[in-house]
Peer 1: 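Quick one: structure below, then a few questions.
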Amino acid sequence: MSDTPATSLAERLAARFGDTLSISTQRNEITAELAAADLIAVATALRDEPGFRFSELIDLCGIDYLGYGQTEWETDTAAGDGFSRGVEGQAMGRFDWAGRPRGSGDNQPRRFAAVIHLLSIEHNRRLRLRVFCADDSLPVVPSLTLVWPGVNWFEREAFDLYGIIFDGHPDLRRILTDYGFVGHPFRKDFPLIGNVEVRYDPEQKRVIYEPVSIEPRVLVPRTIRNDADLMQAKAEAADHWREN
Amino acid sequence: MQEIRNYTMNFGPQHPAAHGVLRLVMEMDGETIVRADPHVGLLHRGTEKLAESKPFNQSIGYMDRLDYVSMMCNEHAYVKAIENLLGIEAPERAQYIRTMFDEITRILNHLMWIGSNALDLGAMAVFLYAFREREELMDVYEAVSGARMHATYYRPGGVYRDLPAQMSQYRESPWHKGKDLKRINSWREGSMLDYLEAFTADFPSKVDEYEDLLTTNRIWKQRTVGIGVISPELAQQWGMTGVMLRGSGVAWDLRKKQPYAKYAEMDFDIPVGVGGDCYDRYLCRVEEMRQSNRIIQQCVKWLKANPGPVMVQNFKVAPPSRVEMKEDMEAMIHHFKLFTEGYCVPAGETYAAVEAPKGEFGCYLVSDGANKPFRVHLRAPGFAHLSSMDTIVRGHMLADVVAMIGTYDLVFGEVDR
């Protein structure tokens, strides 16, 4: 594993940037986490230095870590008539605009991050950068538009959907949502059913906005299971026990 | 003295050359573009958020509806991301089937592109011809999945089912009878692979027909040569991939550089442009159709010779057969769990990319170990390409904007997601 290309790139990154990047490698994919303050300097170096030459920014997206690892389906007690089954919490899709979760940011200090995927055409390498925003109520990341101009719309998208503000962006407008939209719809505390719906009102002879009329509904609860099941299944598949 | 001012013009969203729902606000100096501001998002459906609220398998169908002219390539990226995290690999036959259908999809996409681009620039006939072959390939989609476009055919761990042994035939009707019926059914006597073999033998002559109509056509060349020139540096700065990058002379194709499925075993060439204008990109795409045809031929040959499973035998991820389910208690439990709860994907993150017909289509998937994805981000090539619109078309004429929209090969299902 030590001589795979991804590892050697990880070593070179560690040698060049030292403590600025915290690097992890999984499945031959390198992820480097860094502070927002270092982003521009690191990005410029990654683009220009002959050992890296990440000439293309493939992707930038926002992510909201609120509720990461939370499960809704607990079976913790067993009785004669079966296990306890309960769907708990306000997970994705279970709340509307009025009942959206608010003000409980203390257990998850850093919610928002921008994830950047880079591609080096010269060296045929990929790299993932992750920048966490220090403040949940005003997430700010420096804009990369001067390093890779193509990031422009990706940053606008992350701003629109997650409310991450890209400092130095020349034209930080909403891009995917409607003109005059309120809120950042991909945040985990934004209801899946949305906030408003539109229809044509024949009396006023125009399209009007109204609060949504649909009920929040989730068909399959979110469950986290130990992947021991999966390991077992893998072992079984390896044995070809079914074919005997 | 009379004062002359620039004026602002609105193009779309209801314009036939806007390829769907592009609204383009342009500042014009006479007929010259001073500034172009594309407004997108009119087709935004929140696919990524919807995917976060559903078990993994239930979102495969959404992928078809992103870039709705290259359906299976989108599925491929999503399915590949899940497979990365699960640590499973599809059986060899499934990988050949995926390679074959990726290329069928590429031809479908390029036919749609050549037709609509020519139509935008004033050549009506190509569109009609292109749909002739599209119909034939859509029948292949229908044969494997039951749907002509939104197939939902790829699954984590393989494909939904094996290729059909009998290609469906036309029945006699007032519109198809006698000799005519015999002719349209002549390819459909055998299996789906026989049908594809007949198609691939015939298809290069059809590509020749499109080329007859366009390649040396004086009007076509006037509209495309030297229009929308993109230098290799500019293409890389703007995150361009696929033909947009290759048209500028950068030999970059994920099928060669980071091979997935069975592309490493395929014999095919990558066409590369020289000048980076609309005409070069046209030539690249036409040649890609011929190369895709070659790949399909190789896959058909292999698939005919090598039967085998098309889905992993791992019942935590893939359902057991109906027969097994009815006879075996354990199989029934697996089936029930899989269709009510789905499967849990180990925590982690991955980025899986495929060379979709329009460029690099990527899926960034974050799982926290649940049966639903924590975050899905879909990297659509059209989104990156369209963002460069303002830079490229500045100084061009209004009519060239239409040529440029055509050469970007935009589909708003993927731009807006």
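In the text below, chain A, chain B and the rest are named by the order of the sequence lines, each starting its count at 1.
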Peer 1: Would you indicate whether R199(A), at its atom CZ, is surrounded by more than 12 heavy atoms from other residues, nucleotides or ligands within a distance under 6.0 Å?
Peer 2: yes
Peer 1: Roughly how far apart are D178(A) CG and L42(B) CG, rounded to 0.5 Å?
Peer 2: 8.0 Å
Peer 1: With a 4.5 Å limit on heavy-atom distance, are the side chains of R27(A) and L85(B) in contact?
Peer 2: yes
Peer 1: So which residue, L119(A), L57(A), V151(A), L161(A), ends up with the most heavy-atom pairs under 4.5 Å with chain B?
Peer 2: L119(A)
Peer 1: Would you call Q26(A) and T350(B) a side-chain contact if the rule is heavy atoms closer than 4.5 Å?
Peer 2: no
Peer 1: So for P149(A), is it side chain, backbone, both, or neither that comes closer than 4.5 Å to the heavy atoms of chain B?
Peer 2: both
Peer 1: Chain B heavy atoms under 4.5 Å from R187(A): which part of the residue, side chain, backbone, both or neither?
Peer 2: backbone
Peer 1: For the side chain of K257(B) and the backbone of N124(A), is there at least one donor-acceptor N/O pair under 3.5 Å apart?
Peer 2: no
Peer 1: Kindly indicate whether the side chain of Q237(B), heavy atoms from C-beta on, has any atom under 4.5 Å from the side chain of W148(A).
Peer 2: no
Peer 1: For chain A, which of K372(B), Q58(B), E48(B) has the most heavy-atom pairs under 4.5 Å?
Peer 2: K372(B)
Peer 1: Which region of V218(A), side chain (C-beta onward) or backbone (N, CA, C, O), has a non-hydrogen atom less than 4.5 Å from a non-hydrogen atom of chain B, or is it both or neither?
Peer 2: side chain
Peer 1: Which bit of D171(A) comes within less than 4.5 Å of chain B, counting heavy atoms only: side chain, backbone, both or neither?
Peer 2: neither
Peer 1: Is any side-chain heavy atom of R173(A) closer than 4.5 Å to one of H39(B)?
Peer 2: yes
Peer 1: Could you tell me which portion of S53(B) (side chain, backbone, both or neither) has an atom closer than 4.5 angstrom to a non-hydrogen atom of chain A?
Peer 2: both
Peer 1: Can you tell which of D160(A), D59(A), L60(A), I58(A) has the highest number of heavy-atom pairs within less than 4.5 Å of chain B?
Peer 2: I58(A)
Peer 1: So which of V115(A), N152(A), V147(A), T177(A) has the biggest tally of heavy-atom pairs under 4.5 Å with chain B?
Peer 2: V115(A)
Peer 1: Heavy-atom distance under 4.5 Å to chain A: side chain of D37(B), backbone, both or neither?
Peer 2: side chain
Peer 1: With only heavy atoms counted, which part of L378(B) is less than 4.5 Å from chain A, the side chain, the backbone, both or neither?
Peer 2: neither
Peer 1: As a quick check of understanding, evaluate salt bridge (Lys or Arg N to Asp or Glu O under 4.0 Å) for R417(B) and E157(A), giving each step before the final call.
Peer 2: CA-CA 11 Å; R417(B) 281 157 290 149; E157(A) 183 192 314; 2.8 Å; yes
Peer 1: State, yes or no, whether a side-chain contact exists between W153(A) and P38(B) at a heavy-atom distance under 4.5 Å.
Peer 2: yes
Peer 1: Could E56(A) and R379(B) be called an ion pair, given the rule that one side-chain N must be under 4.0 Å from one carboxylate O?
Peer 2: no
Peer 1: Measuring heavy-atom distances to chain A, does L234(B) have an atom under 4.5 Å in its side chain, in its backbone, in both, or in neither?
Peer 2: neither
Peer 1: Please flag which part of P373(B) lies under 4.5 Å from any non-hydrogen atom of chain A: side chain, backbone, both or neither.
Peer 2: backbone
Peer 1: With rounding to the nearest 0.5 Å, note down the distance linking OH in Y68(A) to OG in S367(B).
Peer 2: 7.0 Å
Peer 1: Distance to the ring centre below 6.0 angstrom and angle to the axis at most 45 degrees; does that hold for K188(A) and F374(B)?
Peer 2: yes
Peer 1: Strictly distance-based, threshold 3.5 Å: is any side-chain N or O of N371(B) a donor or acceptor partner for the main-chain N or O of P221(A)?
Peer 2: yes
Peer 1: How about F339(B): does its CZ atom have over 12 heavy atoms from other parts shown lying under 6.0 Å from it?
Peer 2: yes
Peer 1: Could you tell me which portion of E360(B) (side chain, backbone, both or neither) has an atom closer than 4.5 angstrom to a non-hydrogen atom of chain A?
Peer 2: side chain
Peer 1: List the atom of G150(A), the atom of S387(B), and the distance in Å for their closest heavy-atom pair.
Peer 2: O-OG, 4.2 Å
Peer 1: Is a donor on one side and an acceptor on the other found under 3.5 Å between the side chain of K49(B) and the backbone of P191(A)?
Peer 2: no
Peer 1: Roughly how far, to the nearest 0.5 Å, is CD of E349(B) from OG of S24(A)?
Peer 2: 7.0 Å
Peer 1: Indicate the atoms forming the closest heavy-atom contact of E29(A) with Y351(B), along with that distance.
Peer 2: OE1-N, 2.9 Å
Peer 1: Is the shortest heavy-atom distance from the side chain of R375(B) to the side chain of C61(A) under 4.5 Å?
Peer 2: yes
Peer 1: Kindly indicate, with the supporting measurements, whether the criterion side-chain contact (heavy atoms from CB on, under 4.5 Å) is fulfilled by I121(A) and Q236(B).
Peer 2: CA-CA 9 Å; I121(A) 283 182; Q236(B) 292 182 39; 4.2 Å; yes
Peer 1: Side chain, backbone, both or neither: which part of V312(B) has a non-hydrogen atom closer than 4.5 Å to chain A?
Peer 2: neither
Peer 1: If you look at every heavy atom in G369(B) and I224(A), which pair is closest and at what distance?
Peer 2: O-CG2, 3.5 Å
Peer 1: Relative to chain B, which segment of R47(A) carries a heavy atom at a distance below 4.5 Å: side chain, backbone, both, or neither?
Peer 2: neither
Peer 1: Where on F154(A) is there a heavy atom nearer than 4.5 Å to chain B: the side chain, the backbone, both, or neither?
Peer 2: both
Peer 1: Do the side chains of V220(A) and T340(B) get nearer than 4.5 Å, heavy atoms only?
Peer 2: no
Peer 1: Which atoms of A347(B) are under 4.5 Å from chain A, going by heavy atoms: the side chain, the backbone, both sets, or neither?
Peer 2: both
